[in-house]
Amino acid sequence: MSPRPRWMRRVFLPALMLGIAATSFAARERLRLDFGWKFHLGDPAGVDPSLFAYPEVDALERTARAHLDEEPRLAPLRRSAADINAAPPVACAQPDFDDRGWRTLDLPHDWAVELPFNPKALRNHGYKNMGAGVGAQNSWEALEMGQSAQALGGVTGNTIGWYRRSFDLPAGDAGGALWVEFDGVYRNCLVWFNGRCLGRNVSGYSSFKFDLAPYARFGGRNTLVVRVDATRTEGWFYEGAGIYRHAWLVKTPPLHVAHWGTFVSTTLAPDGAATVHAQTTLRNDGAHLARGVLVSRVLDPTGRPVGETTSAEFTLAPGTETEVAQSLPVPAPQLWSPETPHLYRLVSEVRPVDAAASSASVSAALDLYETTFGIRTIRFDPAQGFLLNGRKYVIRGVGVHQDHAGVGSAVPDAVQEFRIRRLKEMGANTYRTAHHPHSPAILEACDRLGLLVVDENRRFDTTPETLSQVERLIRRDRNHPSVVLWSLGNEEFRDRMQGEPWGEPIARTIQALVKRLDPTRPTMMPMNGDWGKGFSHIVDVMGFNYLKLGDVDKFHADFPHIPAISSEESSAVSTRGIYSDDRVRAYVAAYADKVPSWGSRNDQWLPFFEARPWVAGVLMWAAFDWRGEQWPYDWPAINCQFGVMDTCGFAKDSFYFLQAWWSGRDVLHLLPHWNWAVRDQEPIAVRAYTNADEVELFLNDQSLGRKSVPRGGYVEWPVAYQAGTLRAEGYRAGQRVSSAKVETTGPSAALVLTPDRATLRGDGEDCALVTVSARDAEGRTVPTAGDAVEFELSGPGRIIGVGNGDPSCHEPDQGRRRSLFNGYAQVIVQTTQAAGPIVLTARAPGLPPARFTLTAAPAAPRPAVP
């Protein structure tokens, strides 16, 4: 007798186990598929690249009017999965291919960050040695005018990667649903399963799935293969290459909640009671007619059930879906906000009904699916700005690119959380996903840690592919309480689409799709011109990109009924720890006074928008430096310097300017450092970033005067250099509330290792971001130190990346060496699936070794494919 399928065995569990505690034994499994992949850079010998041809419009960064005519011509020329399956088999995609010579690695993986720098490579992608490069003199013009990167010359190659992963499937899984899910692959990937090409995913940012059950070998070995083609670029910034986010294997019983199958929204009554509205899509992937009921429960933030309802009985034919709508009252909800990120869970329990029994006779749960959500209300108002839970709430946000020092775009979840904690420390309350969907792990962390999210789409046209990307974004993210605004695109100025009539049908189509999928949130389009035209009257909220590019007040006077937000502002440039421009090394003074023609200094935009309460708030540009898109200098620079933090998350001085006006804490920060060579009494601009009313500055205990601090500004003194101590005292209402000092230090005498956390989970995922700093003989950080440091690690951990925030550093991102940049470097240490001490040792010439012991605590890894 053959063994019962896994899902059938679960059906006959005792009925008394059907309570809340029974969720752990549900038949659904979502397994990490991150470990043990084989990787090959480039097409293996014998592979014909023409088989995978997928011609696209000449530029993917912006949609041109000509693309509307070009797309229909290109669509029939693209190789489909059927074309590939009809051709001779691709050897390296077959299960019996010998991949023992391929490299073994774990996901997430970005092969671009592993490559060396090349001044002939693609400038806007950080000069990594891949793709078709462009010279610094024409890269902006070429990309913004839509010229194909491939036609511009430079280096070629390193743009194709192959991944293989084999695994066993138990015989008991037969009969259920089975799919593979990728959070993100950059880009244009083809997926094979057991030698059959399943399909293609073009977007480098959209999550996607493929069904595996029809081709699975239950009770045997199975092979998944992915070909990634990162030759084309979708953005004008570093994008990485490879399977750079998580991959998952999902198993469910035949009758189950469909992929991304729940949509949870909430309403609040005047008395404060909430109603949870759950729309659940149920699917039958079995071979027979299925009858069932849906039981939905709401669990409060402590896990206590606070509501339950059962649907009427439904019937589903094989291969079909149905949607069930339910409402559950929650009498005294705990509201979600960035300050109080209370999270509820909807537990969707699909129970089959025996066809021979009455509808009341229900057997054990077949599928249990959990959806995390929050209870809150949002409203963008043309007079009051933004209201959260019925109260005015000023958006203090930042635009964020997704890469980080050392790891590129393959950012572990723990590093994402570190970055979000840094934003909250600065006082930010909103995260804009520039300029595409970000990792699901980021939104989960924003829900949990408390940041609002402006969720942004990448491509902007009405092709089936782009509309699919938009739909996947909305379906994936619409349950996150952090998401308060859908951004339909970004600066669609190619051929003036955003303001010309030809672009309006595109905007209306995307707007209608978003509204159909999520009628609970408003939409926005960040516009860098054409305010009051085109898209301004289609989306729900007007997005002003840069106050210099239009007349904010005129727009409000002309259209007082349209809510508005400053969707992007600033672009002030600075290099951490540098206080005079250095064109040779591509450094910019950290005073952040240099701005492009479209940008504004921080002390200009902040008081401007504070004086206009009808604007919902500001999404400041940008949070962190990112690779590529260098400004104002090109090579040797390899990253943009618009961030208020560098690529490691080390604070620039502007971080403290924002912290002073955003965080609500007492802040007093002095700049610059006070390690200078003799400057012939040349005055040095000394600034204090503070929210105190007044600041008094002292040099070696000699007062240089007290100054009043303008709202949204700073105070500054010209100071003739004398070695010693600069000290500032901040006063409010005549009382001292803060103090700060900078001192002239000696040379480096020791290294110090400081992790963001000393205890980690020994689960193979968790990371510590270790700050490496140089101290003088008195223990003071040396702000100009550039010591070359080597690292050694022992214990259950590994170094996965190194960085220092230097925008012109060409040292490898991955390895065991990194020089300090203005006193600091960073090492990212990741645990293995073991517990124990992890000892990190740092050595630099002439200095004693520094050691720090991290603790990998015992922890059960998330379920994974063995």
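What's counted below: heavy atoms across the whole structure, side chains too, no hydrogens, waters or symmetry copies.
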Quiz item: With respect to R627, which candidate in K128, H404, H125 satisfies the side-chain contact (heavy atoms from CB on, under 4.5 Å) definition?
Solution: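 When K128, H404, H125 are each tested with R627, the side-chain contact (heavy atoms from CB on, under 4.5 Å) holds only for K128.
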
Self-check item: Positive for side-chain contact (heavy atoms from CB on, under 4.5 Å) with P522, one of V539, L485, I565
Solution: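 Exactly one pass, corresponding to L485.
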
Exercise. Start with the C-alpha gap between V618 and F608, add the side-chain angles, then the distance that decides, and say whether side chain to side chain contact (heavy atoms under 4.5 Å, CB included) holds.
Key: CA-CA 11 Å; V618 178; F608 178 90; over 6 Å; no

Quick check against the 3.5 Å criterion: does [X] have a side-chain atom that pairs as donor or acceptor with the backbone of [Y]?
X    : Y    : value
R732 : N691 : yes
N545 : E568 : yes
E239 : E234 : yes
T647 : W626 : no
D447 : S482 : yes
E114 : A112 : no
W661 : G713 : yes
E696 : E729 : no
Y591 : A685 : yes

Heavy atoms only: give me the nearest [X]-[Y] pair and the separation to one decimal.
X    : Y    : answer
V695 : T690 : CG2-CG2, 3.5 Å
S567 : L619 : O-CB, 3.3 Å
S570 : W621 : CB-O, 3.6 Å
R780 : T745 : NH2-CA, 3.8 Å
L606 : G712 : CD2-CA, 3.7 Å
P412 : I800 : CG-CD1, 3.7 Å

Quiz prompt | Carboxylate-amine/guanidinium proximity below 4.0 Å for E417 and R419 | solution = no

Quiz item: Thinking salt bridges, do R817 and E811 make one under a 4.0 Å N-O criterion?
Solution: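 No, no charged N to carboxylate O under 4.0 Å.
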
Do the side chains of [Y] and [X] get nearer than 4.5 Å, heavy atoms only?
X    : Y    : answer
L423 : V400 : yes
I378 : L387 : no
H810 : W635 : yes
Q630 : C640 : no
V588 : I578 : no

Does [X] make a cation-pi contact with [Y], if we ask for NZ or CZ under 6.0 Å from the ring centre and within 45° of the axis?
X    : Y    : answer
R706 : Y731 : yes
R62  : W236 : yes
R727 : F698 : yes

Would you say the ring centroid of [X] lies under 6.0 angstrom from that of [Y]?
X    : Y    : result
Y127 : F117 : no
F555 : F544 : yes
F386 : F380 : yes
W531 : H556 : no

Taking atom types as modelled, find out whether [X] and [Y] have a side-chain donor-acceptor pair closer than 3.5 angstrom.
X    : Y    : result
Q416 : S439 : no
S748 : D787 : yes
W598 : S571 : yes
Q659 : W662 : no

Quiz prompt | Verdict with supporting geometry, V595 and V573, side chain to side chain contact (heavy atoms under 4.5 Å, CB included) | solution = CA-CA 6 Å; V595 297; V573 190; over 6 Å; no

To the nearest 0.5 Å, what is the distance between [atom1] ([X]) and [atom2] ([Y])?
X    : Y    : atom1 : atom2 : value
L488 : R458 : CG    : CZ    : 13.0 Å
R396 : N429 : CZ    : CG    : 7.0 Å
L704 : L699 : CG    : CG    : 5.5 Å

Which word best sums up how the rings of [X] and [Y] line up, parallel for under 30°, tilted for 30 to 60°, or perpendicular for over 60°?
X    : Y    : value
Y205 : Y244 : perpendicular
Y431 : H438 : perpendicular
H673 : W676 : parallel
F237 : H435 : tilted

Taking salt bridge (charged side-chain N to carboxylate O under 4.0 Å, His left out) as the definition, give me every residue that meets it alongside [X], ordered by chain and number, with sequence neighbours left out.
X    : answer
D646 : R576
K594 : D581
E456 : R432
R422 : E425

Sequence neighbours excluded and cut-off under 3.5 Å, please list the side-chain donor-acceptor pairs for residues 801-808, or say none.
from, atom 1, to, atom 2, distance (Å)
N804, OD1, D806, N, 2.9
N804, ND2, S819, O, 2.9
D806, OD1, Y587, OH, 3.0
D806, OD1, S808, N, 2.9
D806, OD2, Y587, OH, 3.0
S808, OG, R585, O, 2.6

Practice problem: Kindly determine whether N528 and Q498 satisfy side chain to side chain donor-acceptor pair (under 3.5 Å), including the steps that lead there. | Solution: CA-CA 9 Å; N528 59 339; Q498 62 192 1; 2.9 Å; yes

Exercise. For atom CZ of R736, decide whether the heavy atoms of other residues, nucleotides or ligands shown that lie under 6.0 angstrom number more than 12.
Key: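 Incorrect, the count does not exceed 12.
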
Self-check item: K392, NZ atom: more than 12 neighbouring heavy atoms under 6.0 Å
Solution: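 Result for NZ/K392: enclosed.
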
Practice problem: List in chain and number order the residues that pass side chain to side chain donor-acceptor pair (under 3.5 Å) with T575, two or more places apart in sequence or in another chain; answer none if no residue qualifies. | Solution: Q641

Self-check item: side-chain hydrogen bond (donor to acceptor under 3.5 Å, both in side chains) partner of Y714, chosen from K707, R687, H669
Solution: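 When K707, R687, H669 are each tested with Y714, the side-chain hydrogen bond (donor to acceptor under 3.5 Å, both in side chains) holds only for R687.
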
